[in-house]
Amino acid sequence: MPAGNQKSRSKRRVFVKVPGGATKLTYKARKPSQAKCSSCGQKLVGVPRGKPAQIAKMPKTQRRPQRPFGGNLCSRCSRKKIVQENR
Amino acid sequence: MSLDSLKLMFEFGVIPVCLAAEHDSDGMEDIKMVETFSVGRLCIKTAGRDSDRRCVVVEAVDAKHVVIDGETRRRKVNIAHLEPLDKVFKLGIKASRNDIKVLFKKEFGIELKDTKPKKTGERPKHQKVKKAKPAKQPAKATEVKKEVKQIVKPADKAAKTAAESKA
């Protein structure tokens with residue numbers, strides 16, 4: 001029977017085959033959800049999912065697109081904002 | 001609005017791009033685009049890593065593409081990725097990078113920087129370095145040792161026999 005704290009669904013259940021041949025149940029942490037556009041809510045492309053410690057180890061160019069508002073706004077919303085600011 | 005009045009407005013380049021799409025008929029859209037994005041028109045890039053930077057139209061390639069230069073890289077660009085502004089500068093067709101540097105310094109007080117083209121060097125090839133094995137000298141050493149052993153043994157034996165005989 002699993003312990004009380006193991007019934008939580010905040011961790012995902014993974015079946016692992018051990019060297020002895022048996023299959024055992026282990027618990028692993030879930031990844032954070034995908035980043036979304038701050039204005040329209042669309043999922044952002046080019047922004048990886050991961051814990052802050054994992055993302056901090058990545059190179060800066062792999063964390064977000066290299067353009068103004070990259071990682072904050074989607075491409076459509078960023079174009080709208082640029083046009084609004086310059087008109 | 002009639003087509004004749006629209007044509008007159010096109011000559012002065014007054015109609016903006018957003019309105020042009022509403023009055024699209026008989027291929028007029030291409031003409032409108034070309035006239036709004038004429039040589040010397042100040043624009044802002046709205047897409048790509050150069051977005052939110054000012055540039056000037058240097059050359060018109062076709063109805064949908066244009067060569068730009070300025071705070072951005074000198075390159076061919078789709079008109080959909082540009083937002084035209086009110087200013088139009090007097091530029092010759094295919095103006096050089098130096099001409100645009102002079103223009104930007106005069107109008108905006110900005111010194112444009114040149115990016116160095118990346119030189120792709122040869123990839124370093126990983127070569128396995130074979131370690132030179134030390135030269136073996138077993139034959140002579142063993143022969144000497146054997147000779148020494150042979151020499152020692154009879155002497156020891158003789159010494160032993162002499163000692164035994166004295167005793």
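Just so we're on the same page: letters track the sequence lines, and every chain starts at 1. Every value quoted in this text rests on a predicted model; they were computed, and no experiment measured them.
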J.: Taking CG in Asp86(B) as the centre, count heavy atoms belonging to other residues, nucleotides or ligands within less than 6.0 Å. Is the count above 12?
T.: no
J.: If you take all heavy atoms of Pro68(A) and Ser51(B), which pair is closest and at what distance?
T.: CD-OG, 2.9 Å
J.: Hey, any chance Val83(A) and Ile44(B) share a hydrophobic cluster, counting ILVMFWY side chains that come within less than 4.5 Å of each other, even indirectly?
T.: no
J.: If two hydrophobic side chains count as joined below 4.5 Å and joins carry through other members, does Ile82(A) share a cluster with Leu85(B)?
T.: yes
J.: I need the contact set between residues 3-14 of chain A and chain B: heavy-atom distance under 4.5 Å, sorted by residue number.
T.: none
J.: With clusters built from Ile, Leu, Val, Met, Phe, Trp and Tyr whose side-chain heavy atoms come within less than 4.5 Å, directly or transitively, what are the remaining members of the cluster of Val88(B), listed by chain and number?
T.: none
J.: For the residue pair Asp52(B) and Glu85(A), establish whether any side-chain heavy-atom pair is separated by less than 4.5 Å.
T.: yes
J.: Sequence neighbours left out, what pairs pass side-chain hydrogen bond (donor to acceptor under 3.5 Å, both in side chains) with at least one residue falling in residues 66-85 of chain B?
T.: Arg87(A)-Glu83(B), Asp50(B)-Arg73(B), Arg54(B)-Glu71(B), Asp69(B)-Arg74(B), Asp69(B)-Arg97(B)
J.: Please determine whether the number of non-hydrogen atoms from other residues, nucleotides or ligands lying under 6.0 Å from atom NZ of Lys101(B) exceeds 12.
T.: yes
J.: Establish whether Val102(B) and Val58(B) are linked, either directly or via other cluster members, by ILVMFWY side-chain heavy-atom contacts under 4.5 Å.
T.: no
J.: Select all residues of residues 27-60 of chain A having any heavy atom within less than 4.5 Å of some heavy atom of chain B, and report them by number, or 'none'.
T.: none
J.: Using a cut-off of under 4.5 Å for heavy-atom pairs, which of Gln66(A), Arg79(A), Arg67(A) has the most such pairs with chain B?
T.: Arg79(A)
J.: Treat each ILVMFWY residue as a node, draw an edge where side-chain heavy atoms are under 4.5 Å apart, and state whether Ile100(B) and Ile110(B) are in one component.
T.: yes
